[in-house]
Amino acid sequence: MNHLVEVSKEALAQMLLNGFEAFVIKHGNKKRSGIEFHASLYGDIEIDEKNDEYHNRIQFVSVDTSAEMASGSVGNKAEAEDLKEDIAEQLGYYRLGNIHSHPYLKDEMTLDQVRERGCLFSEGDEEFFLQELDKYNPGAYILELVLTIKQLEKQNTARDGRIDDQVIEFSVGNCKCFLRAQAFSKTDDGELIDEPTKLICEYLEEFTYIGADFGQVAAKENRKRVLEYKPR
């Protein structure tokens with residue numbers, strides 16, 4: 001089955017607003033900036049049996065405020081997802097999947113390393129996806145997105161644009177971002193399968209660089225792991 005994953009401008013805005021809040025703003029008693037967020041994806045789905053295609057239209061994002069967010073992981077709560085899914089269905093929306101972020105401060109990985117592996121789903125992510133698939137009948141799939149944010153010294157719009165069917169690279173101020181979409185299923189032997197997936201985001205396809213007047217995300221003085229936003 002082929003999967004088209006269409007992200008609306010509104011849903012993209014929510015991903016970025018929440019992703020950058022988790023990236024820049026220090027939360028509670030956390031000792032550093034750059035934590036992961038987790039959210040549920042909602043919208044509509046169209047099944048084209050003739051062309052063997054699922055068209056997932058992501059219309060909005062709901063951040064899981066009960067998730068346990070850390071710099072290298074995020075733990076969501078199933079009961080929160082169930083609650084929100086039931087409410088959304090009463091309003092005519094379907095829960096399509098999940099998104100989480102991968103944050104990297106300036107000294108954590110080079111940009112090339114982020115391109116090579118940092119913007120991929122981690123081994124921990126894939127183990128969690130297998131656990132999620134265990135909840136469904138054989139042949140089911142789950143849809144997962146990851147938003148990677150990498151702090152740079154200065155603006156760098158080189159190579160902005162589509163990397164492949166699943167990933168689009170773009171810039172927000174002095175940060176590089178990567179949005180990846182992937183549908184997963186599993187074999188009878190319990191191995192994860194990457195289903196054919198294409199990410200569609202008209203806004204990113206037309207405007208790969210966001211924010212000519214966006215300020216700079218920088219480390220606070222003498223605290224390289226605590227960030228602040230400096231408007232222009």
Side-chain angles (χ1 to χ4, degrees), residues 1-19 37-64 76 81 84-85 88-89 91-102 115 117-122 125-126 128-130 132-133 135-149 159-172 176-187 191-210:
M1 183 69 72
N2 297 308
H3 300 265
L4 300 179
V5 182
E6 183 177 350
V7 177
S8 68
K9 180 180 178 181
E10 292 77 13
L12 174 68
Q14 291 168 327
M15 294 173 187
L16 293 176
L17 293 178
N18 291 289
F37 84 99
H38 190 278
S40 303
L41 308 171
Y42 292 90
D44 195 14
I45 183 169
E46 180 181 338
I47 302 175
D48 184 346
E49 295 184 353
K50 180 179 179 180
N51 294 312
D52 196 32
E53 189 173 85
Y54 281 99
H55 192 164
N56 299 272
R57 295 184 175 89
I58 301 172
Q59 296 170 301
F60 70 92
V61 174
S62 175
V63 170
D64 296 330
N76 60 306
E81 293 180 349
K84 294 194 292 184
E85 182 175 0
E89 286 188 359
L91 299 171
Y93 297 102
Y94 295 100
R95 180 166 171 264
L96 303 177
N98 302 300
I99 181 172
H100 71 283
S101 61
H102 284 177
R115 284 195 184 101
R117 65 177 190 275
C119 67
L120 303 176
F121 292 104
S122 68
D125 292 337
E126 293 181 348
F128 176 75
F129 300 158
L130 284 172
E132 288 293 289
L133 284 164
K135 300 176 182 178
Y136 302 103
N137 295 327
Y141 77 93
I142 58 173
L143 176 62
E144 297 288 340
L145 272 66
V146 61
L147 171 65
T148 301
I149 303 175
R159 298 178 64 175
D160 277 1
R162 180 174 293 279
I163 294 178
D164 56 33
D165 278 352
Q166 293 83 29
V167 190
I168 298 175
E169 175 178 337
F170 59 101
S171 298
V172 178
K176 270 288 190 178
C177 298
F178 302 81
L179 185 61
R180 176 182 295 273
Q182 183 64 59
F184 294 98
S185 61
K186 70 173 186 176
T187 66
E191 293 190 6
L192 202 62
I193 299 174
D194 292 357
E195 295 280 334
T197 306
K198 182 169 184 178
L199 171 64
I200 301 170
C201 183
E202 183 176 336
Y203 185 83
L204 286 182
E205 295 281 10
E206 295 181 357
F207 305 98
T208 54
Y209 177 59
I210 296 176

Exercise for review: Kindly indicate, with the supporting measurements, whether the criterion side chain to side chain donor-acceptor pair (under 3.5 Å) is fulfilled by Q182 and T197.
Suggested key: CA-CA 6 Å; Q182 183 64 59; T197 306; 3.2 Å; yes
For [X] versus [Y], what's the shortest heavy-atom pair and its separation?
X: L96; Y: Y42; value: CD1-C, 4.1 Å
X: E132; Y: K135; value: OE2-NZ, 2.8 Å
X: K84; Y: V63; value: NZ-O, 3.3 Å
X: L12; Y: C201; value: CD2-SG, 4.0 Å

If we only count heavy atoms from C-beta on, is the [X] to [Y] side-chain gap below 4.5 Å?
X: L199; Y: L204; answer: no
X: D64; Y: S40; answer: yes
X: I142; Y: N98; answer: no
X: L120; Y: V146; answer: no
X: I45; Y: R57; answer: no

Separation between [atom1] of [X] and [atom2] of [Y], rounded to the nearest 0.5 Å:
X: E144; Y: F121; atom1: CD; atom2: CZ; value: 6.0 Å
X: T148; Y: R115; atom1: OG1; atom2: CZ; value: 12.0 Å
X: Y54; Y: N2; atom1: OH; atom2: CG; value: 11.5 Å
X: C177; Y: F170; atom1: SG; atom2: CZ; value: 4.5 Å
X: I193; Y: T187; atom1: CD1; atom2: OG1; value: 5.5 Å
X: I99; Y: F37; atom1: CD1; atom2: CZ; value: 4.5 Å

**Study point:** Basic-acidic side-chain contact under 4.0 Å: K9, E202
**Key:** no
Check your understanding: Side chains of S185 and E195: is there a donor and an acceptor less than 3.5 Å apart?
Key -> yes
**Study point:** Pair Q59, S8: side-chain N/O donor-acceptor within cut-off below 3.5 Å
**Key:** no
Review point. Yes or no on side chain to side chain contact (heavy atoms under 4.5 Å, CB included) for M15 and L179, after CA distance, side-chain angles and deciding distance?
Key: CA-CA 10 Å; M15 294 173 187; L179 185 61; 4.1 Å; yes
Check your understanding: In terms of heavy-atom contacts, does OH of Y94 have more than 12 from other residues, nucleotides or ligands at under 6.0 Å?
Key -> no
Review point. Crowded around F60 CZ? As in, over 12 foreign heavy atoms under 6.0 Å?
Key: yes
Practice item. Apply the test side chain to side chain contact (heavy atoms under 4.5 Å, CB included) to residues E6 and N56: give CA-CA distance (whole Å), side-chain angles for both, the deciding distance (0.1 Å), then the verdict. Key: CA-CA 6 Å; E6 183 177 350; N56 299 272; over 6 Å; no
Exercise for review: I would like to know whether H55 and D48 meet side chain to side chain contact (heavy atoms under 4.5 Å, CB included); could you show each step before the answer?
Suggested key: CA-CA 8 Å; H55 192 164; D48 184 346; over 6 Å; no
Review point. Passes side chain to side chain contact (heavy atoms under 4.5 Å, CB included), K198 versus R162? Steps please.
Key: CA-CA 11 Å; K198 182 169 184 178; R162 180 174 293 279; 4.3 Å; yes
Check your understanding: Short question: side chain of Q14, backbone of V61 - any donor-acceptor pair under 3.5 Å?
Key -> yes
